[in-house]
Amino acid sequence: MKVQSAMFYFPEEVIEHIFSFLTHHPDRNTVSTVCKAWYKIERLSRREVFVGNCYAIRPDRAAARFPGLRSLTLKGKPHFADFDLVPPDWGGLAGPWIEAMARSCPNLEELRMKRMVVSDESLELLAHAFPNFKALVLVSCEGFSTDGLAAVARSCKSLRELDLQENEIEDRGPRWLNSFPDMCTSLVSLNFACLKGEVNLKSLERLVCRSPNLKCLRLNRAVPVETLAKIMNQCPNLEDLGTGSLLADQFSEAYVSLISALQKCKKLRCLSGFWDASPLCLLAVYPICANLTGLNLSYAPTVQGQDFINLIQHCVKLLRLWVLDSVGDKGLAVVASACKELQELRVFPSDLFAAGPATVTEEGLVAISTGCPKLNSLLYFCHSMTNSALITVSKNCPNFTRFRLCILEPRKPDPATNEPLDEGFGAVVKTCKNLRRFSISGLLTDQVFYYIGKYAKALEMLSIAFAGDTDQGMTYVLNGCKNLRKLEIRDCPFGDGALLADVTKYETMRSLWMSSCDISLRGCKALATKMPSLNVEIINEWEAEMEENLNNGVAEVISNNNNKHINNGNDERKVEKLYVYRTVGGPRTDAPDFVWTL
Amino acid sequence: MEGQTQARYDAEVDNLKDTELRLGLPGSDEEPKKAPKKRGLEDSSVKAPAETGPTAKAQVVGWPPVRSYRKNSIQMVKKGGDQNNEKGGMLVKVSMDGAPYLRKVDLNMYKGYRELREGLDVMFKCFPAAKDEFAVAYEDKDGDLMLVGDVPWEMFITSCKKLRIMKGNEAIGLSSSP
């Protein structure tokens, strides 16, 4: 053996050890492509897998490739499903994934899912198939009930984390909380804030008593102040608290115990909940504000005006703030003066109508940008915005990685000049070199897309609505944004020309969504023909319903092999909703009748 | 569709099937230019590109981009956390004399009569029948046909079971004021 060859020989264990320092998924994906040996070592030592689109790969294949898998993250429905643009029964089923993992990856410890449909049966299977299961995180999911939660609570003996964020959960009663083991639990984090129903308060108190490791606890609205106070007395080490309903009388025992309990929790860093919060209960919170790094008041419309100002002015270490626009420009000005460390701000609408009273404007945003130069993540709903404000904001805060601005009225121009907002958003992409996520709104022409294509080189996700003039707009983006992964478009005049401008681009992206645009069936078919490695799916509810009716209401699954609709001659029909994604899994086998894979 | 469960969605589909008029076989030339939507809230999404400015204030599906979960919370608060409203929207059928199919609207999504009128305007203005002057009537709990606008809004939305857009001259018998 030559000396040079010997130098390149490392035992597998050494290579595996080197790989263990690669925590970033793309890096691990890259090393697996170097050679067969590295592929094998990497896949056997891989502990965490992130699947951004659950249809990009068959569950069995993923499970077979990574038998040592401990942590799986899955995302299902397209992002616009959050806004009701995807019909129910579209898919995103967790069942096949959990089943595949149960067969091949018994060491699974963590499962994180977003926008997926999870059944109680699947949760039952999960509870029994993975003896070391530790963490279940469900975000924006649906399809299960509190019975499923009970199964997890009962059978996952090592459960540390049960985190339910904004899911649609069928409430079958408060019994599920009783299902946790009678002895000490290993719970570190429990979040059931999104449960709509009643909670058995005694069960909750007992559970907290026997969970000495609890650091994060987020309650739902049904938990009153009395119980909150009792719980907090039990867990002085709590770091993250989501209150229940914060309603109490001044001289009530509940209120007094709340104050003393809060003062004991020296480690509290993150607060949320605040349902029905009365000014009195807010007073109780002041003593702990100085140490808070995270505050979520976005479900607390009662916290506004002077109450908000009194609260927020103490929060000098705040990094993350979520509020409603009812705090007004005045409230935001106080945030700007008090929260100098602020990194993330989200301002949600308290009224969904553009016609409602204006609450925050461009002034509030400019004030924030002036006072909080460390701001890097923004979600801002407002009634109007000006170019000059956006230009100022980007000058003040060049570090944006996420910038989402939603002007409530579609296509609204700059009210000061009546011009489109191209220059304002253009300034953001020119200045913020690290911008990864961008959502734009208001009156926008192709010009803004020219800027995005030219300057937004780090951009990974772009959301567009009611914008642009011609196909050129979308083409600028496809041609210019080298790192684009997700593009979602609604109600824009982009047609087949834009769709087909750069078809190989879609292979470098996770997915493309286009709804209420100007694309035709012919264009979509052309895309499907040119790019067999993509799934080109159209969602067409009207025609599927027509077919059902013709069969006298008998529900008939129209398989994708049945070309009755797709090939009945009229390819000029406009496509209402298009979803394109790269995949190695082939066409979906679970597509409902209104989803056609071309 | 805010906050609707699967069961509610199924029930809605069944209701629509019972009453909708058909347009013909798929693929025939009688198909309308724009595929009609079966869910009442999804109309404006198709028409929005043609609208500009203030008329676009009417309800557009999926806009503003706020998660259903949060939207439901906003509505719950507005109604003072009323248990009834927590279950989802108040969907009622809307028929228009001369239109080929019915629509559905969620009465909870409107703040008052003006917004409702604007919303119906947007939804139905593509139909030829809309060129005439029309009046909006509703069927109440007792099955009586009443003119919209006489009672306070809150009372109206609890008693309204169905909406009907009638030709102006037919509505004269309902009330002295249009």
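- Residues passing the salt bridge (Lys or Arg N to Asp or Glu O under 4.0 Å) test with A/E170, sequence neighbours excluded: A/R172.
- Across all non-hydrogen atoms, the minimal contact from A/R490 to B/G62 is NH1-O, 3.1 Å.
- Both the backbone and the side chain of A/C194 come within less than 4.5 Å of a heavy atom of chain B.
- Only the backbone of A/N167 has a heavy atom closer than 4.5 Å to any heavy atom of chain B.
- Evaluation of the side chain to side chain contact (heavy atoms under 4.5 Å, CB included) rule for A/D276 yields A/R221, A/S245, A/L247 as partners, not counting sequence neighbours.
- For chain B, no part of A/P493 is nearby; none of its heavy atoms comes within less than 4.5 Å.
- For A/I407, the part lying near chain B is the backbone, with the side chain staying farther off; criterion is any non-hydrogen pair under 4.5 Å.
- Heavy-atom distances place the side chain of A/F381, and not its backbone, under 4.5 Å from chain B.
- B/R70 has its side chain within reach of A/S298: a pair of non-hydrogen atoms, C-beta onward, lies under 4.5 Å apart.
- Judged by distance alone, with hydrogens and angles left aside, the side-chain atoms of B/W63 form no donor-acceptor pair with the main-chain N or O of A/E409 at under 3.5 Å.
- Contact between B/S73 and A/Y299 at its shortest, heavy atoms only, is OG-CE2, 3.5 Å.
- Shortest non-hydrogen contact noted between B/Y69 and A/E166 is CD2-CG, 3.5 Å.
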